[in-house]
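What you see below is based on every heavy atom in this structure, not just the backbone, and it leaves out hydrogens, waters and symmetry mates.
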Amino acid sequence: MFVNNLNRCRHKHNSPSSSPSSIFYFLHRNFSLWSMKKDPDLESALSRNRRWIVNNQIKNIILRYPNQDAPVKFLQKKFKTLDLQGKALNWLKKYPCCFDVYLQNDEYHCKLSKRMLFLVEEDESVKEMQEPVFVERLSKLLMLSVNHRLNVVKLNELKRNLGFPDDYLIRILPKYPDTFRFVNHSGRKSSMEIELLSWNPDLAISAVEVSARKQGSSEPCFSCSLPSTWVKSWERFNEFNATPYISPYVDSKGLLEGSKEMEKRIVGLVHELLSMTLWKKMSIVKLGHFKREFNLPEKLNILLLKHPGIFYVSNKYQIYTVLLREGYNGSELIDKDPLVVVKDKFGELMQEGLHEYNRRRYEVNLEKQRKKGMVSVRKEKRKEGSTEMTEQDDSGDKLGGLFDPEERKRFYKVLFDDDAP
């Protein structure tokens, strides 16, 4: 991509009037997202675990199947959509704490384990208790938009980031006819919008303002989470923070595009959006889909990079993601939503099953080697903690690579939406 863009740049600027500075501007404009210094802790927080995504999708497939009991052959067909190769049966057997696999009429079936079903029930229970929170979150989201309306198709892209249940449109909205309504002027399904009917001044308070009140400060301001050695970044942050804070809930029509006041409001708006998400992060692609609705600039990525003390931009896994720095202490999320706590438990259960599977595999292989006289005394005396073995077995999946004990403790603590672009 770099070479292609560079060639286009040379072709575009291949004239006597072109200067090195113009070429530099072109490169800066096109590759600016690569300029943020990597933070190891936040990169770790953004880490995705492909196995967690796959098992979460398998869980949802089984829940939607009649009687929540799916033939393994059916799941095998779904493996292509999950970007997996190999046998579904081998994959499912790796997670005995999550899935129960059994043989019936010469055909393998799979259902969720009792412990997994318990977590599904807990997740559903938390969503029911969180309904008032979802209503507030949706109201604030609509209050931030220019016309207090948002397209349903676009909003669905954010529902997992915000923790909304998949059926929030029929589960929540009909209960609040005085707050929300559906609008569809064209009659097309893709044009359906949700409109806010009543403005609640108690909700028009940003996370920055709430933090200022808790600290007893009359002047809301952003916090900076950069190391003290980043002298120039601190100077720019202090200069930016010295200007008056502008609430993202204030109408932006009176602000000039490109002005410092507009920049202040946009930073506040992105800060507020990230504050409402479960993991204090969002892909920049998804944010870009709402440029018109939230009056965001065309080059949002450049604006975010100008404020490294507030935002962290990463291209991990080729997905540009913006993360709210103050939401994390090192790689740990500071305030965990109840839904995140449940997802942590799911990750822990999955890893417990994987550990159990590896132990069994190791013992079986060790016994085979003993019978063949291939086991040395040194191998037999290995410590318990080193019994982990590779997962690159006959399942044929390409996700392999075994987690070490420390990674096993960390990975399930940072989960993510499984519909990221």
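- For K264 and T243, the side-chain atoms include at least one donor-acceptor pair closer than 3.5 Å.
- Below 30°, between 30° and 60°, or above 60°: for H307 and F240 the angle between ring planes is between 30° and 60°, a tilted geometry.
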For this session: Test side-chain contact (heavy atoms from CB on, under 4.5 Å) on L158 and F290 and set out the steps.
Result: CA-CA 11 Å; L158 301 182; F290 293 89; 3.6 Å; yes
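- Salt bridge status for E128 with K175: absent, with no side-chain N to carboxylate O gap under 4.0 Å.
- Y249 and E272 form a side-chain donor-acceptor contact under 3.5 Å, judged by distance and modelled atom types alone.
- Here the rule is side chain to side chain contact (heavy atoms under 4.5 Å, CB included) with F311, and of L305, L323, L324 only L324 fits it.
- Remark: D337 engages R137 in a salt bridge, criterion side-chain N to carboxylate O under 4.0 Å.
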For this session: With side-chain contact (heavy atoms from CB on, under 4.5 Å) as the test, would you mind laying out the steps for K214 and V210 before giving the verdict?
Result: CA-CA 6 Å; K214 288 181 179 178; V210 170; 3.9 Å; yes
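- Between the side chains of Y176 and E131, a donor-acceptor pair is found at a separation under 3.5 Å.
- The only option from Y102, F99, Y65 that meets the ring pair (Phe, Tyr, Trp, His ring centres under 6.0 Å) definition with H109 turns out to be Y102.
- Separating the CG atom in D166 from the CZ atom in R64 is a distance of 8.0 Å, to the nearest 0.5 Å.
- Annotation: the span from L89 atom CG to L103 atom CG amounts to 9.5 Å, rounded to 0.5 Å.
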Exercise. side-chain contact (heavy atoms from CB on, under 4.5 Å) between Y312 and K38: does it pass, once the steps are laid out?
Worked result: CA-CA 9 Å; Y312 178 71; K38 285 191 175 183; 3.9 Å; yes
